[in-house]
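Accompanying notes for the structure given below.
Letters A, B, ... are given to chains in the order of the sequence lines, protein chains preceding strands, and every chain is numbered from 1.
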Amino acid sequence: MSVRKRARMGRRELLRHGLGAAGGMALGGWLAPRGSRGAAAAEGPVPVTFWHANSGPLGTILSNLAKQFNASHPKYQIQPEFVGNYTALNQKIMSSVAAGAQPDAAQAGAYGAVAEYLKAGVIVPLQKYIDGTDGLSRSSLADIFPGFLEDNTYRVEHKATLVSWPFNKSVMVFYYNGTMLKSLGLDVPKTWDDVVAASEKATKAGKVAAGMGWTPGTEFFAALLYQNGGRLLSMDYTQALFHSEAGVRALTFLRDLNDKKIMYLTKQFDWQNDLVAQKICFAVSTIVSQQYIQQDLKGAWDLGVAPLPTGKNKATILFGSNGVIFARARPEAQVGAWTFFKWWAEPEQTALWSVQSHYLPLRKSALGTTLMRDLFAKDPRQRVALESLDYAHPMPDNVAGWVRIDPLLQDAITKAVTGLQAPKDALKEAATKANAILRG
Amino acid sequence: MRISRTAVHILLLCGAVATTFPFLWMLSSSLKSNIEAIRFPPTLVPQEWLWQNYVRAVAAAPFPRYFLNSLIQSTGVSACVTLTSALAAYAFAFLEFPGRRIIFGAFVTTLLVPPEITLIPNFVVITALHWYNTFLALIIPLGASVLSIFLLRQVFLAIPRDLHDAARVDGCSSGYFLWRIVVPLSGPGLAVVGLLAFLRAWNDLLWPLVATSTETMRTVQVGLLAFSQNVSTEYTLLMAATVMAILPTVAAFLLAQRQIIDGIGTTGLRG
Amino acid sequence: MALSQAAPAVRLGARRGRGNLAGYLYLAPAGALLLAFHVYPLFYGAYVSLFRWGLTKQAFVGLSNYWGVLHDADFWRSLLVTVYYVIGVVPVEIVLGFLIASLLAQKIRGRAAYRLVYFLPYITSMVAMGLVWSWIFNANFGLLNSLLRLLHLPPQRWLLEPRTILALLHPGGAASATAGPSLALVCVAIVTIWYYTGFHVVVFLAGLTAIPTEVHEAARLDGAEGWRRMRWITLPLVSPTTFFLAVIATIGAFQSFAIVYTLTGGGVSGGAEAGGPLGTTRVATLFIFTVFYNEFRVGYATAAAFVVFAILLGLTGLQMRIGERRVHYLGG
């Protein structure tokens with residue numbers, strides 16, 4: 001190739017590269033998202049960014065509700081953004097807070113997340129808005145299911161203060177294969193002994209590989225712990241109590257279920273696949289799973305929903321997440337976010353959310369709406385979750401540090417259930433580490 | 001070791017099959033229906049070829065946006081690295097200045113600093129600069145590469161010194177010499193450096209993961225990971241997404257494979 | 001010559017002086033970036049590690065983060081996991097790379113094609129191929145378990161299995177979690193080896209083909225054949241390459257993140273916490289990342305990073321020292 005051609009090639013290359021770099025950066029600057037603080041909206045609605053972890057259809061329902069709010073409240077514009085699962089959401093919130101690029105409001109789903117944010121002083125306790133001009137009256141607050149409010153109350157300067165707002169709540173229920181139980185002449189299990197007996201019968205009849213499938217997690221253990229009269233933490237959240245007699249009994253029970261092949265371990269949502277494929281006939285999960293299982297079923301058999309089988313006591317677990325407003329958001333955006341949260345909990349909206357997403361309604365009065373009454377008439381299984389609320393315990397997600405304790409406990413549970421360590425030792429080890437974390 | 005020619009081929013073929021099999025499985029799984037994907041016994045060739053898996057994958061997550069972000073980032077990094085490395089390599093290869101040896105040594109020592117160390121401080125720095133969640137954060141920190149300088153320096157050193165001396169005698173400035181002579185003569189070397197930088201940026205996970213927060217700024221790798229967390233039971237969609245994710249790099253590689261492989265090979269020769 | 005015709009107006013002046021300035025100027029862009037994002041972090045990181053630093057900077061705590069790290073059982077466990085991982089990955093990559101390159105070095109047909117194929121994994125994204133491998137390793141529907149089923153062998157949990165291979169083969173025996181790498185870690189190692197061997201093949205091939213044929217001829221004339229030739233001629237002559245690859249591979253394995261995270265932390269087979277089944281695949285980088293990104297204990301995580309860095313420096317220094325003595329350079 002002639003020197004001149006090469007020279008041209010070289011220059012063109014460098015030029016292309018140079019343009020590429022400049023273009024890239026210009027494009028990058030243009031495409032860079034503007035924080036809500038960057039957008040100066042003198043006129044027009046106040047944008048309120050809201051990060052959440054509701055994927056797929058749930059995310060669509062949320063977006064639709066947000067659009068409804070925006071239409072009826074032209075002063076504000078809620079901009080929901082799906083960020084990932086609860087862990088990813090928490091990671092992104094923390095790193096964006098550190099970067100000063102946090103959203104105006106967000107759903108806080110990771111255990112202990114709200115407590116961490118409160119400790120770091122990056123969120124605004126909602127009590128300020130509840131007591132404010134556009135707040136909530138006592139009677140209105142009383143209409144909200146008490147458990148949901150307790151979950152969001154913290155001691156701030158020695159006063160019980162509502163810091164976050166209940167957003168999506170659900171309870172742990174018991175799923176069963178109605179068709180299969182009927183064919184075996186079995187009743188719906190009410191206690192764990194029933195479950196064991198039914199599983200053995202179904203396995204012996206060759207209908208299933210095992211009675212139940214379970215992805216190890218702390219919630220099911222916690223439910224059993226409460227059923228045995230124990231608790232996860234002391235009342236003042238300074239000590240771990242899950243290694244008590246009750247805890248050991250609960251964990252031993254889980255291990256025995258696994259050893260006797262009444263139950264086997266799965267990962268993530270594989271228990272759902274196995275339930276649908278009739279490899280198992282029982283499962284324990286949140287009421288929200290119902291729609292996903294129903295979808296996968298395509299009517300192959302009748303899905304039954306029952307309250308969690310009881311042990312010594314009745315107990316089940318409350319799931320879900322809460323909403324927070326960030327302190328560095330502009331005041332108008334904060335008010336906008338609060339208005340949205342308040343609107344979210346109003347009877348019509350909470351009923352609509354509940355009916356479409358199968359999360360629980362936040363208010364008692366929502367039960368009286370036509371929407372909900374129709375739902376119960378059509379699908380009485382939905383009542384099960386509501387009825388379980390009376391004895392549902394929340395996970396200690398208002399304890400800063402639980403986000404680090406939860407994986408420890410989960411490891412202990414996995415080790416004990418798979419026989420790698422004795423339940424007593426596993427729990428004791430986890431408790432010691434947990435106490436160290438709680439001590440800070 | 002004298003092994004027969006056929007034995008050599010058989011061994012190499014086995015190895016090649018083992019190496020490429022995951023790619024075949026990925027392609028095969030991406031075209032299956034979910035039911036066939038989990039069926040036993042497993043099939044290699046799908047019964048029906050569901051091209052709509054690709055359509056569904058693209059609909060399930062904003063892959064076009066992820067691709068655009070990766071493209072912008074990788075092109076930016078590639079341009080930046082090629083530019084800064086060419087300039088630096090030129091200085092090391094042709095120019096005289098005090099402390100040249102020491103500075104070169106210093107550059108090489110920065111290779112020792114591991115990503116674990118740079119990750120957190122860099123994160124804090126870009127947040128202070130308000131570059132968080134922007135392309136500036138994705139491109140600038142990756143804009144210089146000692147390995148590229150090293151590679152280009154070797155390429156430049158291959159240019160005869162006399163050419164440089166003659167040019168200087170003729171009154172040619174360094175910049176002119178670099179632009180008009182060195183660059184054209186090092187076309188392939190520059191291309192390799194640019195391409196390698198592009199590939200490295202495209203495949204990077206940790207830094208884009210930490211430097212971005214919103215969905216609109218995700219790169220392909222981060223987006224793919226997030227996608228896998230959210231469709232954990234839709235294996236076929238996931239496989240379709242991975243095929244799309246590696247297609248650009250495989251294509252780029254196949255186009256320039258000789259240069260890339262030769263380039264990599266020679267880095268080991270210097271020992 | 002075209003050069004003098006193309007040159008602009010003659011410039012006179014202190015050539016040497018200008019050469020000085022020009023040198024620094026040309027180095028400036030790369031140097032500035034390296035300084036800002038590779039050197040400065042070292043110092044800033046050291047600063048950060050002396051504080052209790054969460055979402056915001058809190059109190060100065062001196063060396064207490066380092067103290068905490070050195071007394072953190074989880075940290076030492078992650079180092080142990082890293083050691084298992086490095087030992088499992090590096091020698092295999094080097095040996096496999098060498099063997100395959102040796103086969104390729106013999107002038108066989110399609111050498112370029114083979115080289116291409118072996119190198120292919122290296123240029124694909126670790127996330128994408130990690131996800132493909134997790135699918136292959138899937139405990140319920142994956143290919144490997146299907147193959148085992150065809151052979152009437154029990155299915156394995158692969159990336160979810162916290163027990164060691166020994167414990168799986170001798171179910172009765174008392175096997176503790178620290179008695180060796182878990183099956184999950186072995187799976188991660190296999191994927192890593194699959195990914196990087198091609199790189200070793202290519203580098204070794206370059207090194208092997210650089211050995212002048214005269215050397216081989218001379219050896220053959222001297223009667224050194226097959227295995228003896230390999231041991232006394234080839235291996236020593238290729239030792240600079242081996243040494244180079246050993247150092248690079250060790251450093252790379254120590255810093256491995258994407259593959260481990262995709263397979264056992266953030267992807268299809270993992271859960272919310274990175275580190276696989278019972279933390280048996282939590283290598284040091286994953287430990288640092290988890291403490292930083294999940295718990296946001298920035299000061300503590302940085303201190304841990306420095307400890308790992310110090311260990312890696314020491315290890316590399318050791319390798320250099322061993323290498324000096326055992327590497328033979330052709331031509332002295």
Max heavy-atom pair count under 4.5 Å with chain C, selected residue of [options]:
{"options": "B:Leu209, B:Ile149, B:Asp204", "value": "B:Leu209"}
{"options": "B:Val220, B:Leu205, B:Leu87, B:Thr84", "value": "B:Leu87"}
{"options": "B:Gly15, B:Ala144, B:Pro141", "value": "B:Pro141"}

**Side-chain donor or acceptor of B:Asn203 paired with backbone N/O of C:Ile123 under 3.5 Å** =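 Such a contact is found between B:Asn203 side chain and C:Ile123 backbone.
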**Ring centres under 6.0 angstrom apart (B:Phe23, C:Trp194)** =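 Aromatic pair counts; centres sit under 6.0 Å.
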**Asked** Quick one: are B:Phe253 and C:Thr124 in side-chain contact, heavy atoms under 4.5 Å?
**Response**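 Of all side-chain heavy-atom pairs linking C:Thr124 with B:Phe253, none is under 4.5 Å.
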**Message:** Quick one, C:Trp135 and B:Leu238 - any side-chain contact, counting heavy atoms below 4.5 Å?
**Reply:**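 The answer is no, as the side chains (C-beta and beyond) never meet within the 4.5 Å cut-off.
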Kindly compute the distance separating [atom1] ([X]) from [atom2] ([Y]), expressed to the nearest 0.5 Å.
{"X": "B:Thr19", "Y": "C:Tyr114", "atom1": "OG1", "atom2": "OH", "answer": "11.0 Å"}
{"X": "C:Trp53", "Y": "B:Ile120", "atom1": "CH2", "atom2": "CD1", "answer": "11.0 Å"}
{"X": "B:Thr110", "Y": "C:Leu35", "atom1": "OG1", "atom2": "CG", "answer": "9.5 Å"}

**Asked** Name the one of B:Phe92, B:Tyr90, B:Phe94, B:Phe156 that satisfies ring pair (Phe, Tyr, Trp, His ring centres under 6.0 Å) with C:Tyr26?
**Response**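 Option passing the ring pair (Phe, Tyr, Trp, His ring centres under 6.0 Å) with C:Tyr26: B:Tyr90.
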For residues [X] and [Y], report the shortest heavy-atom separation together with the two atoms involved.
{"X": "B:Ala16", "Y": "C:Tyr118", "answer": "N-OH, 3.2 Å"}
{"X": "C:Val127", "Y": "B:Gln221", "answer": "CB-OE1, 3.5 Å"}
{"X": "B:Phe97", "Y": "C:Gly23", "answer": "CD2-CA, 3.6 Å"}
{"X": "C:Ala36", "Y": "B:Asn122", "answer": "O-OD1, 4.3 Å"}
{"X": "C:Leu116", "Y": "B:Ile261", "answer": "CA-CD1, 4.3 Å"}

